[in-house]
**Q** 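The following block contains the structure, expressed as structure tokens.
Note that these values count all heavy atoms, side chains included, but never hydrogens, waters or copies made by symmetry. First the proteins, then the strands, lettered A, B, ... as listed; each starts at 1.
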Amino acid sequence: MPPASFLHNLHPLTKVVWSLAVVTAAFFLQGPLPLLLLWASVLAVAGAGKVLRQVLPALKGLALLAGLFFLFQVFLIREGNTVFTLFPAKGIGQVTDVGLYACTVLALRMLAMTSTIPVLLATTNPKDMVVAFVEKLKVPYLYAFMLVTSLRFIPILQEQLDLVLQAQRARGRDLEGRNFIKRVKAVVPLALPLLLVSIRRSRTLAISLETRGFGSGPRTHLRPLAFRPADIAATAACLLLAFLVILL
Amino acid sequence: METLIEVQNFTFYYGESPVPALADLNLTVRRGEFVGITGPTGAGKTTLALALNGVIPHFQGGRWSGRVVVAGMDTAETPCSRLARIIGSVFQDPEAQLVATDVEEEVAFGLENQALPREEMLPRIEEALTMVGIRDLRHRSLKELSGGQKQRVAIAAALAMRPAVLVLDEPTSELDPQGTQDVMEVLRLLNREHHLTIVLLEQKLAAMAPYISRLVCLHEGRVVADAPPREILRREKLLRELGLEDPPVAAFFRQLQRAGLYSRDLPLTVEEGREELGRLFAKEGIL
Amino acid sequence: MIRAENLSFTYPNGLQALKDISFHIKKGEFAAIIGRNGSGKTTLLKHFNGLLKPTSGRLLIAGLDTARARTAELARKVGFLFQNPDHQIFLPTVAQEIAFGPRNLGLKGREIERRVAEAAAQVGLTEYLDASPWKLGKGLRQRVALASVLAMGPDILVLDEPTTGQDYRQAREIMAITKALHRKGHTIILVTHDMELVARYAEKALVLGGGRLLLQGPLTEVFSRDDVLAEAGLLPPAVLRLTAPYRKAGLIPGVLTPEDLFREVCTILRGEDHAARILPA
Ligand SMILES: Nc1ncnc2c1ncn2[C@@H]1O[C@H](COP(=O)(O)OP(=O)(O)OP(=O)(O)O)[C@@H](O)[C@H]1O
Ligand SMILES: Nc1ncnc2c1ncn2[C@@H]1O[C@H](COP(=O)(O)OP(=O)(O)OP(=O)(O)O)[C@@H](O)[C@H]1O
Ligand SMILES: [Mg+2]
Ligand SMILES: [Mg+2]
């Protein structure tokens, strides 16, 4: 089973650095265009790593969240010139040019910052991430576990959701029409049980690692997770770009 | 023989549950034993397994009292990762215990934690995969395996570590009949030749009985019987009360016994059964 | 009723899991699908309700081509019991859970109530209708899952290892319910590794091996083909293994369960009808 792409082959820490660089850049970049470009670059990396299709549902979800965030905020900003009013008669629902601009920037920033997470998860095994954190960064492994457990939670939730939707289809629920409202309605009552199941399952990673002896001392590697020239180059590039963005 | 596992008056309640999952349980396992533990759903098999490898109390919240000592270490005071040097675990849900992306990496994980040099890992992986009949899956991705194939990987991963004690919680629930028998044979071999101590928690009495030296029956968190399997299979009432499997060979000969047609000890295996049937027929001059 | 014609299926990773499979299961039959781990049983089952579509060949269910039919449409004909009940339970009470399918069929008020009551009664869940499925034990949850499938009124029931994780008593209870449904005329397709269950309940067996259909036929026939069984990682039920040496001599043929064997052996030992046994017609 050869790893699927160069992205899978990179050291987990390299990908974490990339993630952090994107977050930093998103923080410092100001206009909608640069942020959009940044987001596009994340998609490009996902594409190059052959996981774009795999992470698409997650990206859609994040875009939806950013969109909701935009809608909530855009009516709250009162400065600037009013572009239009939702209910002119009652004078509520004013949207200003400043508001539009600021909220677009905020939403895009949020989108760019979060989009690396699904890409990271799709190309890195959680176990390798724990190992990398503990061995290379000397993070106490309890914290590494906690971090990775929470990261692993998202794909597990997705898996569980897929299972339930499969079960619903098998009992005659017509979800093949791609009707978004229908889908949401099907999923809402499942939220709690799905969360519980997913929490239970994501905890088992820590248990599986420990009961196989992880954390009891020094270890060896079947396939050493070496920091290769490609990692050095990628890390350097990410750091450099992040610096440039901060300086500009 | 020396005592390897000692469970002393152990009681465990999950979370706020008012009923104990294990109630004042006592159990001693000596080095080199091959113990089977059975009981109906909810009897506490999994809870006991988790108490032995330290997941209880380190990971599972709940109230507990008593003591579990494995190879001289009190499980409550020893991290799971330390206990893992002595005790290997195979959990009930094969899916949930896999940590890697492909088969080879999965089996290697425990060996890496033992700091085994890479050259020694490769033959060990090969050996473990061969033992459970999945050598050809070595380079497959875990996501793309069938249920039974995943379960075999989980067993191989535990075997490769060559622990002193192996605790297996329904390890053959998704295996095909030949696979189940093969795993039992491998366990017997390791037990006899390498003195591996085995605690096997199983519902499949017929498959397990011929291999174990001792059968412990749990019910509502308590030990209700602890004897050689042959003796327990004789106690039809107990089997029925606990809702345990009545292995077909034993069930058949018990019916003969009741009809006054058979008086010797109940056979456990098909081979023993054939012998006894042959004896019966020979006595009557048939065949 | 169910007809597979040269059905093949290849997973996206290139692994061909089903190879040129053809069979026919008649209305009202109880068929077991058995075979080694990884032989393709689950893959085949997922074709029955359209979760997977053949790469080539086709599968017809009551005349419906599964490649073209919508899963929702197939769901009226095929009830699918997933291996893990927790993967198919998702509503707060047992009654709502059972009502989910009928509601999707477009049924209303009274009719739904009737279906829920009937399905619950069939599996002995009537007293639990208002309970939360999550508070029930695993065995009862498996029955909730079964009832919710039955409420759709499917002619065909497809069960993927319905007894794993169940204890012996619970497994027997599930099988007793299945048998009662079979008596009422349902077509049953069961995947299991428990040959004792196959021997006790099924009428015919389909043996899969390496994605191919190695053998199909009545149980006594299938279980007497040691060569094929060995290839498929299967062992015949204990009773058949016990009597194998005598079967070769024509004694005690076609006995599958301990009770039947007991009856046969009693007859033999007590000498009744003795000669006829040794020299079968
Ligand atoms: N995580 C949990 N939270 C609360 N109660 C639990 C939990 N796990 C198990 N229990 C309860 O503890 C008791 C013992 O369960 P346990 O899982 O040990 O039984 P088991 O013998 O392994 O059963 P099975 O054959 O079904 O696996 C049961 O009453 C069960 O309901
Ligand atoms: N999602 C998948 N992608 C690729 N290959 C798969 C996938 N799922 C299963 N396979 C492979 O397809 C073959 C058939 O698998 P399937 O799950 O149908 O087996 P099965 O007969 O149900 O086995 P079991 O008795 O272990 O449940 C196996 O070789 C398996 O490794
Ligand atoms: Mg258990
Ligand atoms: Mg399967």
**Q** As an exercise, state the distance from OH of C:Tyr246 to CG of B:Leu277, rounded to the nearest 0.5 Å.
**A**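 Here the rounded value is 4.0 Å.
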**Q** Based on non-hydrogen pairs under 4.5 Å, which of B:Gly243, B:Ala207, B:Gly133 is most in contact with chain C?
**A** B:Gly243
**Q** Name the member of B:Gln92, B:Glu170, B:Arg152 that forms the most heavy-atom pairs with chain C at distances under 4.5 Å.
**A**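 Among the listed options, the one with the most contacts to chain C is B:Arg152.
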**Q** Donor-acceptor check, side chain of C:Arg172 to backbone of B:Glu245, threshold 3.5 angstrom: yes or no?
**A** no
**Q** If you round to the nearest 0.5 Å, how far is CG of C:Asp167 from NZ of B:Lys45?
**A** 7.0 Å
**Q** What is the minimum heavy-atom distance between B:Gln255 and C:Pro258, and which atoms define it?
**A**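 Where B:Gln255 meets C:Pro258 most closely, the heavy atoms are OE1-O, 3.7 Å.
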**Q** Can you tell which part of B:Glu271 gets under 4.5 Å to a heavy atom of chain C, answering side chain, backbone, both or neither?
**A** neither
**Q** Using 0.5 Å steps for rounding, measure from the CD atom of B:Gln151 to the OG1 atom of C:Thr164.
**A**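 B:Gln151 atom CD to C:Thr164 atom OG1 measures 9.0 Å (nearest 0.5 Å).
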**Q** Step by step, work out the side chain to side chain contact (heavy atoms under 4.5 Å, CB included) result for C:Leu15 and B:Arg140.
**A** CA-CA 11 Å; C:Leu15 190 130; B:Arg140 288 273 292 276; 3.4 Å; yes
**Q** By a 4.5 Å heavy-atom criterion (distance strictly below it), what part of B:Arg240 contacts chain C: side chain, backbone, both, or neither?
**A**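 For B:Arg240, the contact with chain C is made by the backbone alone.
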**Q** Going by heavy atoms in the side chains, are C:Arg169 and B:Pro40 under 4.5 Å from each other?
**A** no
**Q** Measure distances from C:Gln170 to the heavy atoms of chain B and classify the residue's part below 4.5 Å as side chain, backbone, both or neither.
**A** side chain
**Q** With chain C, which of B:Pro267, B:Ala251, B:Pro247, B:Pro248 has the greatest number of heavy-atom pairs at distances under 4.5 Å?
**A**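 Heavy-atom pair counts peak at B:Pro248.
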**Q** Does atom OH of C:Tyr128 have more than 12 heavy-atom neighbours, drawn from other residues, nucleotides or ligands, at distances under 6.0 Å?
**A**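 Counting neighbours around OH of C:Tyr128, 12 or fewer heavy atoms of other residues, nucleotides or ligands fall under 6.0 Å, so no.
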**Q** If I take atom CG from residue C:Asn37 and atom CG from residue B:Leu137, how far apart are they, to the nearest 0.5 angstrom?
**A** 10.0 Å
**Q** Looking at CZ of B:Arg254 and CZ of C:Phe262, how far apart are the two atoms once the value is rounded to the nearest 0.5 Å?
**A** 12.5 Å
**Q** Pick from C:Gly233, C:Ala230, C:Gly40, C:Gly35: which one has the most heavy-atom pairs with chain B under 4.5 Å?
**A** C:Gly233
**Q** Would you name the heavy atoms of B:Asp176 and C:His193 that are closest together and state the gap between them?
**A**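 Closest pair (atom of B:Asp176, atom of C:His193, distance): CA-ND1, 3.4 Å.
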**Q** Let's go through B:Phe281 and C:Ile268 carefully: what are the C-alpha distance in whole Å and the side-chain angles of both, what is the deciding distance for side chain to side chain contact (heavy atoms under 4.5 Å, CB included) to 0.1 Å, and is it a yes or a no?
**A** CA-CA 9 Å; B:Phe281 282 170; C:Ile268 295 174; 4.2 Å; yes
**Q** Does atom NZ of B:Lys150 have more than 12 heavy-atom neighbours, drawn from other residues, nucleotides or ligands, at distances under 6.0 Å?
**A**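 It does: B:Lys150 NZ has more than 12 such atoms within range.
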**Q** Which heavy atom in B:Arg274 sits nearest to a heavy atom in C:Ala244, and how many Å separate them?
**A**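 Between these two residues, the closest heavy atoms are NH2-CB, 4.1 Å.
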**Q** Taking every non-hydrogen pair under 4.5 Å, which of B:Val249, B:Thr269, B:Leu256 racks up the most with chain C?
**A**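 Among B:Val249, B:Thr269, B:Leu256, the one with the most close pairs to chain C is B:Leu256.
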**Q** Quick one: pull up NZ in B:Lys204 and CG in C:Asp194 and give me the separation to the nearest 0.5 Å.
**A**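 Here the rounded value is 8.0 Å.
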**Q** For B:Arg222, is the CZ atom crowded, meaning more than 12 foreign heavy atoms sit under 6.0 Å from it?
**A** no
**Q** Step by step, work out the side chain to side chain contact (heavy atoms under 4.5 Å, CB included) result for C:Cys266 and B:Leu261.
**A** CA-CA 8 Å; C:Cys266 277; B:Leu261 293 168; 3.7 Å; yes
**Q** Kindly determine whether C:Val265 and B:Phe252 satisfy side chain to side chain contact (heavy atoms under 4.5 Å, CB included), including the steps that lead there.
**A** CA-CA 10 Å; C:Val265 170; B:Phe252 163 66; 3.7 Å; yes
**Q** Contact part of B:Gln203 toward chain C, heavy-atom cut-off under 4.5 Å: side chain, backbone, both or neither?
**A** side chain
